[in-house]
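Inspection log for the structure reproduced underneath, given as structure tokens.
Just so it is clear, the structure is predicted and the values come from calculations on it, not from any experiment. Chain naming here is simple, since letters A, B, ... match the order of the sequence lines and numbering starts at 1 in each.
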There are 2 protein chains.
Amino acid sequence: MEKTKIDVQELARVLKLLGDSTRLSIMQYVSKGECCVCELVELLDMSQPAISQHLRKLRDANLVVENRKRKWIFYRINEHHVAYELIHQLLEELPSVDDEFEELDRKNLRIICD
Amino acid sequence: MEKTKIDVQELARVLKLLGDSTRLSIMQYVSKGECCVCELVELLDMSQPAISQHLRKLRDANLVVENRKRKWIFYRINEHHVAYELIHQLLEELPSVDDEFEELDRKNLRIICD
DNA sequence: CCCTTGTATAAGTAAATGCTTATATGATTA
DNA sequence: TAATCATATAAGCATTTACTTATACAAGGG
């Protein structure tokens with residue numbers, strides 16, 4: 001069974017989306033578990049529309065999927081994307097974001113919703 | 001021995017460069033062996049200045065290294081780049097470019113220079 | 001029902017990008 | 001030394017990008 005090959009244009013499209021530090025960070029956060037928009041706004045210290053627009057691009061490319069719970073919209077990485085394994089490896093090269101999540105907890109800005 | 005981590009900004013910079021199908025193809029070609037500019041112009045069917053400008057970006061980012069031989073300038077992938085292993089894995093996801101190199105041979109446009 | 005909260009979208013803008021054409025540079029050859 | 005070949009650089013331009021501010025929309029809570 002031959003491993004699936006990815007088209008150059010398609011891979012370039014994905015890499016272009018990941019080639020922005022805000023979006024790359026978003027991908028890292030949402031790969032650790034679901035994040036809602038307001039959490040990402042806090043984690044990345046950026047305006048809500050800016051985050052929303054980045055999320056739209058990632059969603060349009062199917063790199064993330066949304067999950068609506070009560071009044072929040074949670075995003076998580078799409079594990080079924082053709083390039084998921086590759087993206088996962090990329091993200092593993094990055095320093096941990098555990099501290100950022102802990103700080104979010106300390107500030108009581110983590111949204112727990114089950 | 002902990003594996004070297006790459007800064008988010010730095011990885012994003014690399015991915016941004018790879019997030020262009022022309023440059024991604026160039027990287028693929030020069031990872032298979034040295035290519036001079038005129039070969040890349042032929043392989044990618046683009047203008048010489050366009051290729052040159054893409055090569056400059058890749059060279060500035062240390063993703064490729066140049067090697068001057070006689071009147072040609074050959075480029076090859078920089079195996080010592082921090083993200084080399086990662087890039088190598090990315091390139092392995094792409095379909096082979098052997099046919100393109102063979103066509104170059106058939107057209108007698110391959111530069112052999114030793 | 002209103003009012004608030006969370007998120008999305010629209011419009012505008014400055015900066016970056018990727019080409020083009022024209023020209024410069026540098027090495028090779030006649 | 002002049003002509004040629006391979007490549008680089010400069011300038012110009014249309015398009016894309018990533019923000020901003022303002023507004024819309026959708027879900028909950030009083």
Side-chain angles (χ1 to χ4, degrees), chain A residues 8-9 12-27 29-30 34-61 63-76 104 108-114, chain B residues 8-9 12-27 29-30 34-61 63-76 104 108-114:
Chain A
V8 182
Q9 281 76 18
R13 248 192 312 272
V14 170
L15 296 180
K16 186 174 197 172
L17 285 170
L18 301 182
D20 172 279
S21 58
T22 301
R23 282 192 297 267
L24 190 56
S25 295
I26 290 178
M27 288 300 285
Y29 289 129
V30 302
E34 288 189 333
C35 291
C36 67
V37 182
C38 56
E39 286 173 325
L40 293 169
V41 165
E42 183 63 29
L43 285 165
L44 291 157
D45 192 27
M46 289 187 60
S47 77
Q48 177 268 317
I51 296 295
S52 238
Q53 284 158 20
H54 283 300
L55 284 169
R56 177 154 63 143
K57 292 190 178 190
L58 295 173
R59 184 164 28 84
D60 286 352
L63 290 171
V64 300
V65 291
E66 69 171 45
N67 180 17
R68 291 166 182 263
K69 286 188 200 166
R70 298 179 47 203
K71 57 176 176 170
W72 296 281
I73 302 179
F74 288 85
Y75 286 89
R76 62 171 187 277
L104 202 64
N108 247 53
L109 296 172
R110 188 81 83 105
I111 310 295
I112 310 295
C113 180
D114 287 303
Chain B
V8 181
Q9 281 75 18
R13 246 189 314 272
V14 170
L15 296 180
K16 186 175 197 172
L17 285 169
L18 301 181
D20 171 281
S21 58
T22 301
R23 283 192 296 267
L24 190 57
S25 295
I26 290 178
M27 289 299 286
Y29 289 128
V30 302
E34 288 189 333
C35 292
C36 68
V37 183
C38 57
E39 286 174 325
L40 293 169
V41 165
E42 183 64 29
L43 286 164
L44 291 156
D45 192 26
M46 289 187 60
S47 76
Q48 178 268 316
I51 296 295
S52 238
Q53 284 158 20
H54 282 302
L55 283 169
R56 176 150 69 139
K57 292 188 179 192
L58 295 174
R59 184 163 28 83
D60 286 351
L63 289 171
V64 300
V65 290
E66 69 171 44
N67 180 18
R68 290 165 183 265
K69 286 188 201 165
R70 297 179 48 202
K71 58 176 177 171
W72 295 282
I73 302 179
F74 289 84
Y75 286 89
R76 64 169 186 278
L104 203 63
N108 247 53
L109 295 173
R110 187 83 81 105
I111 310 294
I112 310 295
C113 181
D114 287 306

Fill in the blank from the handout: Taken in chain and number order and not counting sequence neighbours, the residues that satisfy side-chain hydrogen bond (donor to acceptor under 3.5 Å, both in side chains) with B/R70 are none
Practice task
Give every residue pair that meets the side chain to side chain donor-acceptor pair (under 3.5 Å) criterion with at least one member in residues 15-24 of chain B, sequence neighbours excluded.
Solution key: B/R23-B/H54
Fill in the blank from the handout: For B/R13, the side-chain hydrogen bond (donor to acceptor under 3.5 Å, both in side chains) test, sequence neighbours excluded, returns none
Exercise for the section: Using only side-chain N and O atoms of A/H54, determine if any of them is under 4.0 Å from OP1 or OP2 of D/dC19. Expected result: yes
Practice task
Quick one: list whatever passes side-chain hydrogen bond (donor to acceptor under 3.5 Å, both in side chains) with B/R76, sequence neighbours left out.
Solution key: B/E34
Practice task
Record whether the side chain of B/Q53 comes under 3.5 Å of the base of C/dT17 through a donor-acceptor pair of N or O atoms.
Solution key: no
Exercise for the section: Please check the phosphate of C/dT5 (OP1 and OP2 only) for any side-chain N or O of A/R70 closer than 4.0 Å. Expected result: no
Problem - Partners meeting side chain to side chain contact (heavy atoms under 4.5 Å, CB included) with A/L43 (sequence neighbours left out) - result: A/Y29, A/L40, A/E100, A/F101, A/L104
Would you tabulate the nitrogen or oxygen pairs shorter than 3.5 Å linking the protein to nucleotides 1-8 of chain D?
from	atom 1	to	atom 2	distance (Å)
D/dC5	O3'	B/K71	NZ	3.1
D/dT7	OP1	B/V37	N	3.2
D/dT7	OP1	B/I73	N	3.3
D/dT7	OP2	B/C38	N	2.7
D/dA8	OP1	B/Y75	OH	2.3
D/dA8	OP2	B/S52	OG	2.5
D/dA8	N7	B/Q48	NE2	2.7
D/dA8	N6	B/Q48	OE1	3.3

Practice task
Tell me which of A/A50 and A/K69 sits closer to the 5' end of DNA chain D, going by the nucleotide each one is nearest to.
Solution key: A/A50
Exercise for the section: Just compare D/dA10, C/dA10, D/dA18 and give me whichever is closest to any side-chain atom of A/K57. Expected result: D/dA18
Problem - Within 6.0 angstrom of B/D60 CG, more than 12 heavy atoms from elsewhere - result: yes
Exercise for the section: Kindly write out the residues that satisfy side-chain hydrogen bond (donor to acceptor under 3.5 Å, both in side chains) with B/E42, not counting sequence neighbours, or none if the list is empty. Expected result: B/K107
Fill in the blank from the handout: Rounded to whole Å, CG of B/D45 lies from P of C/dG18 at a distance of 18 Å
Handout entry: Nearest-angstrom distance from the residue atom CD of A/E42 to C1' of C/dG6
Key = 15 Å
Fill in the blank from the handout: Per the under-4.0 Å heavy-atom filter, residues of residues 13-24 of chain A near DNA chain C come out as none
Practice task
For B/C36, check side chain to side chain contact (heavy atoms under 4.5 Å, CB included) against everything at least two apart and list the hits.
Solution key: B/C38, B/E39, B/W72, B/F74, B/I111
